[in-house]
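Accompanying notes for the structure given below.
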Amino acid sequence: MANSSFTRRGLGLLTAALLASSALVAPAAAQTPPGVLVVGQIAEPQALDPHAVTAVNDFRILMNVYDGLVRYASGTLEVEPALAESWEISDDGTVYTFTLREDVTFHDGSAFDAEAVVWNFERMLNEDHPYHGTGPFPLSFFFSAVEGVEALDARTVQFTLNEPYAPFLSNMAYPTGLIVSPAAVMEHGDDFGRNPSGTGPFRFAEWRSNERVVVTRNEDYWDGVAGTEAVIFRPISDANTRVAEMLSGGIDMMVEVPPVALSQFQGDGYELVEQAGPHVWFLILNAKEGPFADKRVRQAANYAINKEALVNDVLEGTADIAAGPTPPAFAWAYNDALEPYPYNPDRARELLAEADAEGASLTFYVTEGGSGMLDPIPMGTAIQADLAAVGFDVTIETYEWNTFLGRVNPGLEGKADMAQMAWMTNDPDTLPFLTLRTDAFPDAGGFNSGYYSNPEVDALLEAARVETDQETRAQLYREMQEIVQDDAPWVFVANWKQNAVTSGAVENFQLEPSFFLLLKDVVKN
């Protein structure tokens with residue numbers, strides 16, 4: 001078995017890798033063992049239960065341990081078969097019938113079948129399920145249209161929706177749709193997130209807090225064995241330390257390279273990889289209380305911040321200025337008639353005067369790092385200076401990423417006026433539906449941490465998700481973007497082009513527009 005094989009050989013390999021990782025001043029060379037890929041992650045994962053987490057940092061591990069019924073085809077956001085070989089959709093768009101792949105087992109040896117699929121979704125969606133308490137399941141919103149899931153036989157599972165739901169298949173390919181082993185959840189209960197079991201190309205081997213997560217090759221993988229024996233994910237939250245580890249040869253790959261460090265990886269011995277995807281970096285403004293409860297003050301913040309300087313000077317041209325809540329990567333649904341708020345501090349001062357908000361004090365949450373957060377501390381400092389220039393009095397509070405999420409996701413009420421945030425999504429429905437609807441306030445289980453509410457936006461988003469004609473659906477999203485841009489519940493800052501760097505020992509790596517890290521076909525020499 002792969003686990004026992006890793007135990008015999010792997011301890012030596014792992015020791016070598018970790019010794020190398022501490023040699024920060026060693027010359028750049030392949031110090032990590034052949035066949036073992038060491039990845040510098042931006043943070044410690046919260047959990048390895050795909051139904052219980054929300055961060056891309058965690059998804060980058062999970063997508064290598066689990067499979068869903070469907071997945072995104074390489075290099076695209078188009079859905080293709082995975083654990084389901086095929087599917088049929090009823091004419092009215094409310095019944096999806098999947099035919100499952102045969103002879104697949106979970107890493108713990110239990111069988112993958114239709115009953116396991118039913119168990120997964122009932123665990124998330126049914127509060128009476130005996131293992132619902134192993135949640136919470138913050139993105140179960142994705143499947144709120146599911147009225148029932150039924151195993152027709154061992155290889156056939158049927159989902160019945162309460163109405164047509166256009167993003168359904170795309171959401172099935174997202175980590176929230178990954179299939180976990182019911183037997184492993186029953187065995188480990190609340191600790192399943194530390195003892196994961198899926199059907200993916202790598203199986204979980206070890207998690208040492210703040211040191212590493214180790215996964216080993218699944219020799220029985222249904223889609224062919226992985227190109228490396230093991231992958232070690234190391235949490236290195238400080239970007240400068242991550243760069244130093246990469247230069248020293250302590251890690252083989254790092255994601256989210258700080259813009260100021262890109263030039264260090266231009267020479268021989270490294271490959272810099274870039275990929276555009278649906279990303280938006282923004283500031284959540286507290287629209288429920290304080291200065292940003294006034295729309296004019298929110299608009300003033302958008303005029304006050306020099307986004308061109310952020311994109312060109314802080315981010316070294318690795319991003320474009322965002323015009324609204326929808327990333328341009330969703331070209332079919334993007335409103336390209338929108339122009340970003342121009343940098344206009346005089347207009348910002350006028351709006352503050354109209355709102356009688358000159359000199360307003362703001363508490364600003366800034367993270368040390370995090371999925372898609374780019375260079376958050378320099379960006380936060382620059383934003384603070386721009387806001388101060390028009391009369392705001394801004395106090396920054398900085399937190400480690402998971403602590404930051406723990407403060408922001410429950411809502412800003414009583415704590416802060418603004419917070420940094422970034423989302424990387426799979427469908428134009430996801431971000432606005434989870435963060436801009438009235439029914440997505442944190443106390444309702446959503447991520448509308450700034451408490452923005454507009455009935456017109458609510459109606460447009462509800463209409464778009466049941467609309468099966470794509471052009472009509474796109475028009476609904478375009479109207480939504482116009483209203484949201486004018487209401488300014490966020491400061492719309494940047495759309496990023498993701499990046500990663502690998503050592504010369506790494507082959508067959510590419511970034512995905514989904515922002516997932518798919519390592520099955522990667523070879524480490």
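As the structure is a prediction and not an experimental result, all values here were calculated from the model.
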I'd like to know if E85 pairs up with R155 as an ion pair, taking the criterion as any Lys NZ or Arg NE/NH1/NH2 lying under 4.0 Å from an Asp or Glu carboxylate oxygen. yes
Check: N335 side chain, R478 main-chain N or O, donor-acceptor pair, under 3.5 Å: yes
Side chain Q420, main chain T367, donor-acceptor under 3.5 Å: yes
Tell me, yes or no, whether the heavy-atom count around E88 atom CD, taken from other residues, nucleotides or ligands under 6.0 Å, exceeds 12. no
Can you tell me how far the CD atom of Q264 sits from the CE atom of M246, to the nearest 0.5 Å? 11.5 Å
Using modelled atom types only, decide if a donor and an acceptor are shared between the side chain of S248 and the backbone of A244 within a distance under 3.5 Å. yes
Check each of E44, E245, E211 against R234 using the side chain to side chain donor-acceptor pair (under 3.5 Å) test, and report the only one that passes. E245
Are the aromatic ring centres of H107 and F202 under 6.0 angstrom apart? no
Donor-acceptor contact below 3.5 Å, side chain R212 vs main chain I232: no
State, with a plain yes or no, whether a side-chain heavy atom of R71 is found less than 4.5 Å away from one of E80. yes
What pair of heavy atoms forms the shortest contact from P196 to L48, and how long is it? CB-O, 3.5 Å
Begin with the C-alpha distance, continue with both residues' side-chain angles, and end with the deciding distance and a verdict on side-chain hydrogen bond (donor to acceptor under 3.5 Å, both in side chains) for R123 and H51. CA-CA 9 Å; R123 174 194 177 221; H51 304 159; 3.2 Å; yes
Show which side-chain atoms of residues 169-182 pair as donor or acceptor with protein atoms under 3.5 Å away, not counting sequence neighbours.
unit_1, atom_1, unit_2, atom_2, d
S170, OG, Y72, OH, 3.3
S170, OG, N426, O, 3.4
S170, OG, N426, ND2, 2.9
N171, OD1, N426, ND2, 3.2
N171, ND2, F142, O, 3.4
N171, ND2, Y165, OH, 2.7
Y174, OH, M424, O, 3.3
S181, OG, D108, OD2, 2.5
S181, OG, S110, OG, 3.4
S181, OG, A183, N, 3.3
S181, OG, A184, N, 3.1

What pair of heavy atoms forms the shortest contact from L517 to N64, and how long is it? O-ND2, 2.8 Å
Once salt bridge (Lys or Arg N to Asp or Glu O under 4.0 Å) is applied, what residue pairs with a partner in residues 253-273 remain, sequence neighbours excluded? R60-E256
Could you give all pairs that pass the ring pair (Phe, Tyr, Trp, His ring centres under 6.0 Å) test and reach residues 219-266, with sequence neighbours left out? F265-Y270
Straight-line distance of L125 CG to F143 CZ, nearest 0.5 Å: 8.0 Å
So which pairs with a foot in residues 168-196 pass salt bridge (Lys or Arg N to Asp or Glu O under 4.0 Å), sequence neighbours left out? none
Residues T156, D153; criterion side-chain hydrogen bond (donor to acceptor under 3.5 Å, both in side chains); working and verdict: CA-CA 5 Å; T156 310; D153 58 44; 2.9 Å; yes
Should the pair F515 and H279 be assigned to parallel (<30°), tilted (30 to 60°) or perpendicular (>60°) ring geometry? tilted
Return the CG to CZ distance between L152 and F98, rounded to the nearest 0.5 Å. 12.0 Å
If you measure from the Lys or Arg side-chain nitrogens to the Asp or Glu carboxylate oxygens, is any gap between E471 and R473 under 4.0 Å? no
Closest heavy-atom pair and its distance - Q41, N57: NE2-O, 2.7 Å
Ion pair present between E219 and R217, side-chain N to carboxylate O less than 4.0 angstrom? yes
Rounded at 0.5 Å granularity, tell me how far NZ in K520 sits from CG in N218. 11.0 Å
For the residue pair L283 and W490, establish whether any side-chain heavy-atom pair is separated by less than 4.5 Å. no
If you compare all heavy atoms of A84 against all heavy atoms of R101, which two are closest, and at what distance to 0.1 Å? O-NH2, 4.3 Å
Is it the case that over 12 heavy atoms from other parts of the model lie below 6.0 angstrom from the CD atom of E78? no
At their closest point, which heavy atom of N508 faces which heavy atom of V522, and how far apart are they? O-CG2, 3.8 Å
Do F492 and I321 have side chains that approach each other closer than 4.5 Å (heavy atoms only, starting at C-beta)? no
Between P45 and V213, is there a side-chain heavy-atom distance shorter than 4.5 Å? yes
Starting at CG of D67, measure out to CG of L62 and round the result to the nearest 0.5 Å. 12.0 Å
Y131 vs W119 aromatic rings, parallel, tilted or perpendicular, using cut-offs 30° and 60°? tilted
Applying side chain to side chain donor-acceptor pair (under 3.5 Å) to D238 and not counting sequence neighbours gives T241
Hey, are the side chains of P201 and D223 touching, using non-hydrogen atoms and a 4.5 Å cut-off? no
Could you go through L519 and F509, starting from their C-alpha distance and side-chain angles, then the distance that decides it, and tell me whether this counts as side chain to side chain contact (heavy atoms under 4.5 Å, CB included)? CA-CA 7 Å; L519 301 175; F509 173 72; 4.3 Å; yes
Answer yes or no for R437 and F433: cation-pi contact, defined as NZ/CZ to six-membered ring centre under 6.0 Å and angle to ring axis within 45°. yes
Going by salt bridge (Lys or Arg N to Asp or Glu O under 4.0 Å), name the residues that satisfy it together with R242, two or more places apart in sequence or in a different chain. none
Ignoring hydrogens and geometry, is there a side-chain-to-backbone donor-acceptor pair from S140 to F137 under 3.5 Å? yes
Would you indicate whether the side-chain heavy atoms of N525 and P34 approach each other to under 4.5 Å? no
Any side-chain heavy-atom pair from L83 and F112 closer than 4.5 angstrom? yes
So, taking the atom named CE in M480 and the one named OG1 in T326, what distance separates them when rounded to the nearest 0.5 Å? 4.0 Å
Ring pair (Phe, Tyr, Trp, His ring centres under 6.0 Å) between F447 and W423, intermediate numbers included: CA-CA 11 Å; F447 294 88; W423 275 66; 5.6 Å; yes
Give me the atom names and distance for the closest heavy-atom approach of A422 to W281. CB-CD1, 4.0 Å
Measure from the side-chain N and O atoms of E400 to the backbone N and O of N402, and report whether any donor-acceptor pair falls under 3.5 Å. yes
May I ask you to decide if the ring planes of W332 and Y477 are parallel, tilted or perpendicular, using 30° and 60° as cut-offs? perpendicular
Is the side chain of Q470 donor-acceptor paired with the backbone N or O of A333 at a distance under 3.5 Å, no angle test? no
Between N499 (side chain) and V257 (backbone), is there a donor-acceptor pair under 3.5 Å? yes
What verdict does the salt bridge (Lys or Arg N to Asp or Glu O under 4.0 Å) test give for R208 and E206, after you've listed the backbone C-alpha separation in whole Å, the side-chain angles of each residue and the deciding distance to 0.1 Å? CA-CA 7 Å; R208 291 198 176 192; E206 180 186 47; 3.1 Å; yes
For G75, is there any backbone N or O sitting under 3.5 Å from a side-chain donor or acceptor partner on E512? yes
Given 3.5 Å as the limit, does a donor-acceptor pair link the side chain of D252 with the main chain of S503, or not? no
Between T216 and F204, is there a side-chain heavy-atom distance shorter than 4.5 Å? no
